[in-house]
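Sequence lines set the chain letters: A, B, ... in the order given, protein chains first and strands last, and positions in each chain run from 1. Only heavy atoms go into these numbers, but all of them, side chains included; no hydrogens, no water, no symmetry mates. Just so we're clear, the structure is a prediction, and the values are computed from it rather than from any experiment.
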There are 2 protein chains.
Amino acid sequence: MNAISHSEENYLKTVFHLGADGKQAVATNAIARSMKTKPSSVTDMMQRLGEKGLVNYRKYRGVSLTEAGKRAALSIIRKHRLWEVFLVEKLNFSWDEVHDVAEQLEHIKSEKLVDLLDQHLGFPQYDPHGDPIPGKDGNYPSREKQLLSQLPVNTKGICIGVKDSSASFLKYLDKNRISLGDKIHILEREDFDNSLLVTVADTEMRVSHQIAANLYLKIL
Amino acid sequence: MNAISHSEENYLKTVFHLGADGKQAVATNAIARSMKTKPSSVTDMMQRLGEKGLVNYRKYRGVSLTEAGKRAALSIIRKHRLWEVFLVEKLNFSWDEVHDVAEQLEHIKSEKLVDLLDQHLGFPQYDPHGDPIPGKDGNYPSREKQLLSQLPVNTKGICIGVKDSSASFLKYLDKNRISLGDKIHILEREDFDNSLLVTVADTEMRVSHQIAANLYLKIL
DNA sequence: AAATAAATTTAGACAAATCTAAAAATATGT
DNA sequence: ACATATTTTTAGATTTGTCTAAATTTATTT
Ligand SMILES: [Mn+2]
Ligand SMILES: [Mn+2]
Ligand SMILES: [Mn+2]
Ligand SMILES: [Mn+2]
């Protein structure tokens, strides 16, 4: 009776992400910008999701997810990230190529498929971009992490994730031999342009503010 | 420019199967029956597919696939069967559970995904039901095979496929320990009900005409 | 506090995919 | 060959998801 459509799923996921993991309300325009649709389409959809009890919609005031909406969003994100792990670990996709395919695979409906995929992958905790994989029961582990750009000189940490996961950024990291799991040591900050001198897995290099502002570290 | 929709793909596949693998024309009613839609919906869709150059549509005369339509159908069937192999071989689905999931997975659009999946599976030739997997280039190998019900007493063969691949038939075969690859020897035919006395992998058993009419053998 | 700007919603249109009911064409039986 | 049955198509409606243009509400600036 109340099946959630492909399109509705995409909207729910966007509301979740834009609203700080389902905690804040989100503006119509923000959703439209993020999904490359028009604000009027968003309004339409939010009214429908409101009627289905998946979002709290108040005219002109933005939307937030209901508990049911949050559960639905987490289930889609779980599938998205499990498929990303599959693509990278089993099929040898590179981490910059998986997003569009996972964007499709996340909509496949079969609980058994998700469970067996999870098992096949050894119950992974994080996706290839360092993002946590929501549990079957809907629990969403959050990890201690800080942007490289916000840490003081002399900090040591492990690179555990990316904020921007666009193909161009990920390819840049590949080219410069920066990978998740690498140990990073901040040697020096350049006041002029906020660039950093760091060692990444013991190799010294300079990273721009742009880069540093998109890399998450776990402090050691 | 002319992307083929989810729904159009399902129709193309049905026309392919009902028309003896794209060789014959197919009636509107046959398509509607097979897809559980109404004949009027089929007419609509066939007119659209006709305009797209994927079928030859002549009012009241049924439809056949064009070369482009055949290519599209084979590509979907290739994906469907590769995913079925994946589900059974890698995720341990049983062969009676894979169809509905593959029905969704076959619509995922990514050439790279299909190529890498094919490689990951070791370039399988047949799906879990014994059906051949079309090649990347669109070639469709056909296999010498005959229905068990149509073979004379004393024939020996290998069970290589099923005609009916409904869950109920497949579960029946599991229960009776009949699997693809088993050696079958026809010992006796009962004239009264056309049932057969056979050995399956050296175990003697009686199979009804219903069963025999849905099992394909390769004669030894 | 008006005036102006920005964000949001509404109204109306459209394409895709489906349906029901009615009309038209084709096939079948006597 | 004619009447009847069957198949197929057309006409018109509905739902989903989108759009543009206009109206409305909220926010910002002077
Ligand atoms: Mn998606
Ligand atoms: Mn990811
Ligand atoms: Mn399908
Ligand atoms: Mn199959």
Check your understanding: Can you pull the contact range of chain B along DNA chain C, 5' to 3', using atoms under 4.0 angstrom from its heavy atoms?
Key -> C/dA16 to C/dA27

Review point. So, is A/Y11 near the phosphate of D/dT18, with a side-chain N or O under 4.0 Å from OP1 or OP2?
Key: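 For D/dT18, OP1 or OP2 has a side-chain N or O of A/Y11 closer than 4.0 Å.
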
Exercise for review: Output yes when at least one side-chain N/O atom of B/Y60 is less than 4.0 Å from OP1 or OP2 of D/dT6, else no.
Suggested key: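 Looking at the OP1 and OP2 atoms of D/dT6, neither is under 4.0 Å from any side-chain N or O of B/Y60.
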
What is the distance from [atom1] of [X] to [atom2] of [N], rounded to the nearest Å?
{"X": "A/K38", "N": "D/dA22", "atom1": "NZ", "atom2": "P", "value": "15 Å"}
{"X": "A/M35", "N": "D/dG17", "atom1": "CE", "atom2": "C1'", "value": "11 Å"}
{"X": "A/N29", "N": "D/dA27", "atom1": "CG", "atom2": "P", "value": "13 Å"}

Practice item. Using the test salt bridge (charged side-chain N to carboxylate O under 4.0 Å, His left out), find all partners of B/R189 that sit at least two apart in sequence or belong to another chain. Key: none

**Study point:** salt bridge (charged side-chain N to carboxylate O under 4.0 Å, His left out) partners for B/E111, two or more places apart
**Key:** B/K136

Can you list everything that forms a side chain to side chain contact (heavy atoms under 4.5 Å, CB included) with [X]? Sequence neighbours excluded, please.
{"X": "A/Q210", "answer": "A/S208, A/N214"}
{"X": "A/D137", "answer": "A/N139"}
{"X": "B/H129", "answer": "B/E84, B/W95, B/V98, B/D127, B/D131, B/V162, B/S165, B/L170"}
{"X": "A/E103", "answer": "A/N10, A/K13, A/H80, A/H99, A/E106"}

**Study point:** Pairwise 5' ranking along DNA chain D for B/G62 and A/E8, keeping only the more 5' one
**Key:**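 Looking at DNA chain D, the more 5' nearest nucleotide goes with B/G62.
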
Check your understanding: Taking the nucleotide of DNA chain D with the closest heavy atom to each, which residue, A/K59 or A/H6, is nearer the 5' end?
Key -> A/H6

**Study point:** Strand contacts (DNA chain D) in residues 40-56 of chain B, 4.0 angstrom heavy-atom criterion
**Key:**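 Here the set is B/S40, B/T43, B/Q47.
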
Exercise for review: Please work out which residues in residues 19-28 of chain A have a non-hydrogen atom less than 4.0 Å from an atom of DNA chain D and list them by number.
Suggested key: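 Within this stretch, nothing sits under 4.0 Å of the strand.
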
Practice item. Report, as yes or no, whether the 6.0 Å neighbourhood of atom NZ on B/K163 holds more than 12 heavy atoms from other residues, nucleotides or ligands. Key: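 Counting neighbours around NZ of B/K163, 12 or fewer heavy atoms of other residues, nucleotides or ligands fall under 6.0 Å, so no.
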
Review point. Under 6.0 Å from the six-membered ring centre of B/F86 and within 45° of its axis: does the NZ or CZ of B/R81 meet both?
Key: no

Check your understanding: For A/F16, what residues pass the ring-ring contact (aromatic ring centres under 6.0 Å, His included) criterion, not counting sequence neighbours?
Key ->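 A/F16: ring-ring contact (aromatic ring centres under 6.0 Å, His included) contacts with A/Y140.
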
Point to revise | Sugar-phosphate only, base, or nothing, as touched by A/R33 at under 4.0 Å among non-hydrogen atoms | key: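 Answer is nothing: A/R33 stays at 4.0 Å or more from every strand.
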
Table please: side-chain donor-acceptor pairs of residues 55-75 of chain A below 3.5 Å, with sequence neighbours left out.
residue: A/N56; atom: OD1; partner: A/S64; partner atom: OG; Å: 3.3
residue: A/T66; atom: OG1; partner: A/G53; partner atom: O; Å: 2.7
residue: A/T66; atom: OG1; partner: A/L54; partner atom: O; Å: 3.1
residue: A/T66; atom: OG1; partner: A/A68; partner atom: N; Å: 3.4
residue: A/T66; atom: OG1; partner: A/G69; partner atom: N; Å: 3.0
residue: A/E67; atom: OE2; partner: A/K70; partner atom: NZ; Å: 3.3

Do any side-chain atoms of residues 18-39 of chain B form donor-acceptor pairs under 3.5 angstrom with protein atoms, and if so which ones, sequence neighbours left out?
residue: B/K23; atom: NZ; partner: B/A20; partner atom: O; Å: 3.4

